[in-house]
Amino acid sequence: MADLPDKTAALIDWYLAAVDAAELTDKRYPVKGMNVWTAYGLSARRNLDAVMIREIEATGSRAVEFPALIPRTEFVKESEHIKGFEDEVFWVTRGGGSDLDIPLALRPTSETAIYPIFALWVRSHRDLPLNVYQIVNTFRSDTKTTRPFLRVREIHFFEEHTCQVDESAATERVRSNLAAFRKMAEALCLPYLTIRRPEWDKFPGAFYSLAFDTPVGGAQTIQSGTVHHYRENFSRPYEIRYEAADGSQRFVHQTTFGLSERLLGAVVAIHGDAKGAVLPAAIAPYEVVIVPILAAGAGEAVLAAARGYADRLRRHGRRVHVDERDDRPGAKYYHWETRGVPLRLDVGPREAQTGTATAVDRLGRRSTVSSASLESEVHGILLDFDRTLRERARAAFTERFSVATTLPELTGSKTVRVLAWCGKEECGHAIETAIAGGLLGTPEEELPIPLGDPGPCIACGSTETPKWAIAAQPL
RNA sequence: GGGUCUGUGGGGUAGCUUGGUCCAUCCUUCGGGGUUCGGGACUCCGAGACGCCAGUUCAAAUCUGGCCAGACCCA
């Protein structure tokens with residue numbers, strides 16, 4: 001079995017090989033940026049979806065689904081939005097043998113599909129807030145190099161769209177989304193920083209955009225989600241109005257919250273090691289794989305014990321697989337380690353006889369569990385596994401930021417950089433050029449490294465309105 | 001968006017300049033058999049490819065064009 005490329009030396013090469021080896025996706029489909037979801041990968045994705053659904057529904061959001069095709073006439077109503085997306089929209093221009101009178105856009109995102117209908121749904125302040133989400137595929141004709149999960153042209157997209165009575169209610173919805181994402185990231189053991197994007201990089205049409213960025217090594221980050229405040233930018237062109245209690249007609253203030261399979265990519269990139277993927281229990285297709293060790297003569301008793309353990313764990317809601325393939329145990333260990341399974345239980349003649357199992361978690365920690373307390377011990381091991389993953393990722397997270405005080409320092413940077421920025425766009429672009437990446441924006445929360453007040457702008461030296469900002473390269 | 005390059009079994013390669021000797025080769029993968037089974041087993045038998053579509057030619061993996069996919073560089 002070929003070893004993976006070194007993760008610290010060549011992160012992207014490691015990532016591509018690790019995703020491939022874990023069989024999370026098959027990238028041989030002959031359309032650029034569109035990959036096949038394998039059974040294993042789809043299972044992980046559905047578990048990820050379940051985490052999103054659980055946390056967003058806890059905040060009162062309900063699932064809807066809108067069509068994938070949007071008439072050009074609706075698509076073009078908000079000018080900033082169109083400018084932002086027109087270069088990457090796939091158009092459907094023919095139906096059967098004839099050209100369509102009105103071309104149909106294959107949604108790159110769903111504002112323009114949803115908002116004409118929101119205008120029908122929202123009549124009164126009693127209809128508000130309107131909080132709905134959908135998990136659908138969206139399409140963007142990205143011209144850059146595509147990468148499984150991180151940059152694809154068919155995106156598995158979670159998008160919440162909301163309508164609120166006014167700006168402050170919308171701001172409150174943004175905060176609620178940030179809190180929901182905090183819980184999702186907790187389940188994925190994923191550290192991140194919430195960053196307010198600069199004006200030129202916000203979502204097209206948004207009032208402001210907040211993004212969740214996770215440093216993954218070197219100066220590189222993965223943007224794993226965004227929350228946008230739209231104010232009335234869309235409700236005006238789409239005429240989403242309501243009658244307030246005082247009888248006046250008002251436009252709603254809107255927000256959106258977007259996530260995608262990038263989260264899965266971020267999880268692989270953050271937790272994976274030299275053996276391959278490492279998946280937190282919340283999204284692992286199998287939380288536990290049982291490997292029966294079928295030494296000559298003891299086969300039946302061993303298999304019976306292994307299957308018995310699996311049944312009991314399944315009754316407790318665990319996702320369990322018994323690897324009964326005719327293969328040697330060592331080969332099976334590597335197989336499941338590459339796929340990131342959190343916990344392995346070995347059951348051989350010894351264990352079958354003593355009523356135990358040998359537990360080895362994906363971090364290589366070994367213990368013996370006894371049949372009598374199987375369910376609770378496995379539960380405890382998985383909790384500890386996630387906790388350790390979280391702590392390990394958090395420790396690495398704090399080391400992935402460093403302060404830069406001059407532009408030349410940004411060149412060839414080995415970490416994400418924290419720097420003082422005056423807020424001017426031209427200075428922002430100078431910073432982006434220097435780091436050969438992006439100015440992610442200004443952090444919305446405390447940074448993981450100690451900081452005083454920001455000094456003069458790293459680009460122009462102005463001391464008027466410097467703020468701490470983050471510069472990085474996209475993976 | 002512009003440019004350069006690449007595409008050979010499931011994965012990695014040789015062959016391409018100068019068309020025929022080539023349906024090759026190694027490590028793996030897959031199917032079957034046997035010996036095995038507590039950290040990537042061994043062995044035997046077998047399967048499997050020239051990105052796609054045209055063109056040139058007696059003859060195309062090889063030359064030409066278009067398309068698709070991928071990599072890198074520039075904007």
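Chain identifiers are assigned alphabetically (A, B, ...) following the order of the sequence lines, protein sequences preceding nucleic acid strands; residue numbering begins at 1 within each chain. The shown structure was predicted, so the numbers you read here are calculated from the model rather than taken from an experiment.
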Considering only the P atoms, how many Å lie between rU62(B) and rU8(B), rounded to the nearest integer? 13 Å
C1' atom, rG15(B) versus rA60(B): distance in rounded Å? 14 Å
Using side-chain heavy atoms (C-beta onward) and a distance below 4.5 Å, is [X] in contact with [Y]?
X	Y	value
Trp14(A)	Val268(A)	yes
Tyr40(A)	Leu24(A)	yes
Glu351(A)	Leu345(A)	no

When you compare the protein's N or O atoms with those of nucleotides 69-75 of chain B, which come within less than 3.5 Å of each other, and at what distance?
from, atom 1, to, atom 2, distance (Å)
rA69(B), OP1, Lys32(A), N, 3.3

Select from Ser141(A) and Asp326(A) the residue whose nearest nucleotide in RNA chain B is closer to the 5' end of that strand. Ser141(A)
Quick check: on RNA chain B, is the nucleotide nearest Arg350(A) upstream (toward 5') of the one nearest Thr143(A), or the reverse? Name the residue that is more 5'. Thr143(A)
Which part of the nucleic acid, if any, lies within contact of Lys27(A), taking any heavy atom under 4.0 Å across all strands shown: a base, the sugar-phosphate backbone alone, or nothing? nothing
Scan Asp327(A) against the nucleic acid and name what it touches under 4.0 Å (heavy atoms): base, sugar-phosphate only, or nothing. base
Tell me whether [X] is salt-bridged to [Y], with the criterion being a basic N under 4.0 Å from an acidic carboxylate O.
X	Y	result
Arg140(A)	Asp142(A)	no
Glu337(A)	Arg344(A)	yes
Asp273(A)	Lys275(A)	no
Arg307(A)	Glu324(A)	yes
Glu86(A)	Lys83(A)	no
Asp384(A)	Arg387(A)	yes
Arg394(A)	Glu391(A)	no

Applying the Watson-Crick and G-U wobble criteria at under 3.5 Å, what pairs with [N]? Answer none if nothing qualifies.
N	result
rA24(B)	rU13(B)
rU18(B)	none
rC72(B)	rG3(B)
rU29(B)	rA47(B)
rG65(B)	rC53(B)
rG38(B)	none
rA60(B)	none

Distance check needed: [N] [atom2] versus [X] [atom1], whole Å only.
X	N	atom1	atom2	value
Leu294(A)	rG39(B)	CG	C1'	16 Å
Asp87(A)	rG1(B)	CG	P	7 Å
Lys332(A)	rG40(B)	NZ	P	14 Å

Determine all donor-acceptor pairs shorter than 3.5 Å in which one atom belongs to a side chain in residues 467-475 of chain A; sequence neighbours excluded.
from, atom 1, to, atom 2, distance (Å)
Trp468(A), NE1, Gly452(A), O, 2.9
Gln473(A), NE2, Ile435(A), O, 2.9

Pi stacking test for Tyr334(A) and rG40(B): under 5.5 Å apart, planes under 30°: yes
Show each protein N/O and nucleotides 9-13 of chain B N/O combination with a separation under 3.5 Å, one pair to a line.
from, atom 1, to, atom 2, distance (Å)
rG10(B), O3', Arg28(A), NH1, 3.0
rG10(B), O2', Arg28(A), NH1, 3.1

For Arg72(A), I'd like to know if atom CZ has over 12 heavy atoms of other residues, nucleotides or ligands within 6.0 Å. no
Hits for salt bridge (Lys or Arg N to Asp or Glu O under 4.0 Å) against Glu65(A), two or more places apart or cross-chain, chain-then-number order -> none
base_contact_polar (rG39(B) base, Glu337(A) side chain, donor-acceptor, <3.5 Å): yes
Where along residues 351-368 of chain A does a heavy atom come under 4.0 Å from RNA chain B, residue by residue in number order? Glu351(A), Thr358(A), Arg366(A)
Using a cut-off of strictly less than 4.0 Å between a heavy atom of the residue and any atom of RNA chain B, enumerate the qualifying residues of residues 318-325 of chain A by number. none
Exactly one of Cys460(A), Pro456(A), Pro454(A), Pro466(A) clears side-chain contact (heavy atoms from CB on, under 4.5 Å) with Cys422(A), and that residue is Cys460(A)
Taking only N and O in the side chain of Arg328(A), is any of them less than 4.0 Å away from OP1 or OP2 of rG38(B)? yes
Arg196(A) to Tyr208(A), cation-pi by 6.0 Å centre distance and 45° axis angle: yes
